**Student:** 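My structure is below; once you've seen it, I'll send some questions.
By convention here, the first residue in the shown sequence is residue 1. Only a predicted model underlies this, so the values are computations on that prediction, with no experimental measurement involved.
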Amino acid sequence: MTQTIKIAPSILAADFARLAEAVQSAEAAGADYIHVDVMDGHFVPNITVGLPVVQALRRITDLPLDVHLMISDPARYAPAFAEAGAGVLTVHVEATPHLHRVLQQIRALGARPGVSLNPATPPLAIGEVLNDIDLVLVMTVNPGFGGQAFIGHTLSKIARVRELLDNVGSKAELEVDGGIGPRTAERVAAAGATVLVAGEAIFGAPEGIAAALNAIRESARAGRERAKNKPPVV
């Protein structure tokens with residue numbers, strides 16, 4: 001595991017009246033991705049944003065758009081989101097009976113395919129697609145709403161996914177989303193995460209976006225250093 005730590009601010013926690021300003025501030029502060037949570041009110045109990053927001057974001061930032069499709073039937077909508085400017089398209093293993101086909105579709109569309117696991121879904125659910133993905137997203141809260149508390153036992157799942165990827169020599173990024181901030185960043189990085197999604201901890205931080213982003217990155221780096229010296233505490 002030699003990948004650098006990346007930070008993906010989630011616009012779910014941003015002020016949508018000033019969304020462009022928030023995203024551009026995150027970009028200036030050194031964010032690596034902009035994370036976009038697309039929820040349909042069916043697969044998850046919330047409705048958020050859709051294609052017009054992705055299209056608008058593509059016009060105002062040069063950062064890759066990390067689009068997380070928390071929707072039913074992702075194959076139906078993947079082409080439109082790829083055309084709108086998604087750099088990464090992540091679908092849930094729980095949302096489609098034809099996961100391999102959807103991942104192939106996403107790559108053919110020119111986007112990077114990702115797969116996400118809900119907290120109760122075991123890592124082995126992605127065992128047959130490890131060589132077909134560029135990113136694994138481990139949900140560290142139940143999907144649907146921002147601002148939830150980090151689920152502690154997901155640390156062991158992150159470590160197991162890390163082991164699965166390393167065992168097949170995969171270069172896929174290991175992303176985590178849910179309850180991520182300076183206090184949890186160190187722990188998930190020590191467990192093997194390489195991309196950290198944070199919403200409220202960045203866009204709602206009283207110290208400002210830049211300081212909050214840097215605090216999360218430094219915490220994650222400390223976790224990475226700890227992992228080099230001993231196995232992660234999970």
**Student:** State, with a plain yes or no, whether a side-chain heavy atom of L57 is found less than 4.5 Å away from one of L19.
**Tutor:** yes

**Student:** Does the side chain of L174 come within less than 4.5 Å of V138's, by heavy atoms?
**Tutor:** yes

**Student:** Does some side-chain heavy atom of I11 sit less than 4.5 Å from a side-chain heavy atom of V53?
**Tutor:**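 V53 reaches I11 side chain to side chain.
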
**Student:** List the steps and the verdict of salt bridge (Lys or Arg N to Asp or Glu O under 4.0 Å) for E163 and R160.
**Tutor:** CA-CA 5 Å; E163 185 177 11; R160 294 197 303 274; over 6 Å; no

**Student:** Residues two or more places apart in sequence or in another chain: which of them pass salt bridge (charged side-chain N to carboxylate O under 4.0 Å, His left out) with E186?
**Tutor:**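 Once residues adjacent in sequence are excluded, the partners of E186 under the salt bridge (charged side-chain N to carboxylate O under 4.0 Å, His left out) criterion are R226.
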
**Student:** Less than 4.5 Å apart, side chain to side chain, heavy atoms only: is that true for T194 and R224?
**Tutor:**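 T194 vs R224: side chains touch.
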
**Student:** Sequence neighbours excluded and cut-off under 3.5 Å, please list the side-chain donor-acceptor pairs for residues 69-78, or say none.
**Tutor:**
{"from": "S72", "atom 1": "OG", "to": "H42", "atom 2": "ND1", "distance (Å)": "2.6"}

**Student:** Write out all pairs satisfying salt bridge (Lys or Arg N to Asp or Glu O under 4.0 Å) with one or both partners inside residues 22-36, taking only residues at least two apart or from two chains.
**Tutor:**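 Listed once each, the pairs are D32-R217.
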
**Student:** Would you say the side-chain atoms of E175 pair up with the backbone N or O of V197, donor to acceptor, closer than 3.5 Å?
**Tutor:** no

**Student:** Tell me, do V129 and V93 make a side-chain contact under 4.5 Å, heavy atoms counted?
**Tutor:**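 V129 does not reach V93 side chain to side chain.
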
**Student:** Mind jotting down which residue pairs meet the salt bridge (Lys or Arg N to Asp or Glu O under 4.0 Å) criterion with at least one end in residues 42-52? Sequence neighbours excluded, please.
**Tutor:** none

**Student:** Tell me, please, which residues at least two apart from E21 pass salt bridge (charged side-chain N to carboxylate O under 4.0 Å, His left out).
**Tutor:** R18

**Student:** Inspect the surroundings of CD in Q104 and state if more than 12 heavy atoms from other residues, nucleotides or ligands are less than 6.0 Å away.
**Tutor:**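 More than 12 heavy atoms, drawn from other residues, nucleotides or ligands, come within 6.0 Å of this atom.
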
**Student:** Remaining members of Y33's ILVMFWY cluster at a side-chain heavy-atom cut-off under 4.5 Å?
**Tutor:** V195

**Student:** Starting from V141, walk the hydrophobic network (Ile, Leu, Val, Met, Phe, Trp, Tyr; side-chain heavy atoms closer than 4.5 Å) and list everyone else you reach, by chain and number.
**Tutor:**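 Same cluster as V141: V88, L135, L137, M139.
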
**Student:** Which heavy atom of H68 sits nearest to which heavy atom of S116, and what is that distance?
**Tutor:** NE2-OG, 3.7 Å

**Student:** Quick one: does F81's side chain get under 4.5 Å of L109's, heavy atoms only?
**Tutor:**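 Sidechains of L109 and F81: no contact.
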
**Student:** Applying salt bridge (charged side-chain N to carboxylate O under 4.0 Å, His left out), can you list everything that pairs with E83, at least two apart in sequence or on another chain?
**Tutor:** none

**Student:** Tell me every residue that passes salt bridge (charged side-chain N to carboxylate O under 4.0 Å, His left out) with R112, counting only those two or more places apart in sequence or in another chain.
**Tutor:** D134, E173

**Student:** Name all residues meeting the side chain to side chain donor-acceptor pair (under 3.5 Å) criterion together with N118; count only those two or more places apart in sequence or in a different chain, and write none if there are none.
**Tutor:**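 Checked N118 against side chain to side chain donor-acceptor pair (under 3.5 Å); matches are H92.
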
**Student:** Quick check: do V44 and D37 have side-chain heavy atoms less than 4.5 Å from each other?
**Tutor:** no

**Student:** I need the full list of salt bridge (Lys or Arg N to Asp or Glu O under 4.0 Å) pairs touching residues 48-64, with sequence neighbours left out, sorted by first then second residue.
**Tutor:** none

**Student:** The criterion is side-chain contact (heavy atoms from CB on, under 4.5 Å); which residues satisfy it with N46, sequence neighbours excluded?
**Tutor:** M39, T48, F145

**Student:** Please check if the side chain of S170 supplies one atom and the backbone of N131 the other of a donor-acceptor pair under 3.5 Å.
**Tutor:** no

**Student:** For I209, does its backbone N or O pair with a side-chain atom of S25 as donor and acceptor, under 3.5 Å?
**Tutor:** no

**Student:** Looking at every non-hydrogen atom in both residues, tell me the closest pair between L117 and P122 and how far apart they are.
**Tutor:** CD2-O, 4.0 Å

**Student:** Might you point out which heavy atoms bring A31 and L63 nearest each other, and give the distance in Å?
**Tutor:** O-CD2, 3.3 Å

**Student:** Contact between P123 and K157 at the side-chain level, heavy atoms closer than 4.5 Å - yes or no?
**Tutor:** yes

**Student:** Looking only at atom types and distance, does a side-chain atom of S10 sit under 3.5 Å from a main-chain N or O of G199, one as donor and one as acceptor?
**Tutor:**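 Judged by distance alone, no pair lies under 3.5 Å.
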
**Student:** Is atom CD of E128 surrounded by more than 12 heavy atoms (other residues, nucleotides or ligands) closer than 6.0 Å?
**Tutor:** no

**Student:** Answer yes or no: is there a donor N or O on one side and an acceptor on the other, between the side chain of T140 and the main chain of G178, under 3.5 Å?
**Tutor:**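 Yes.
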
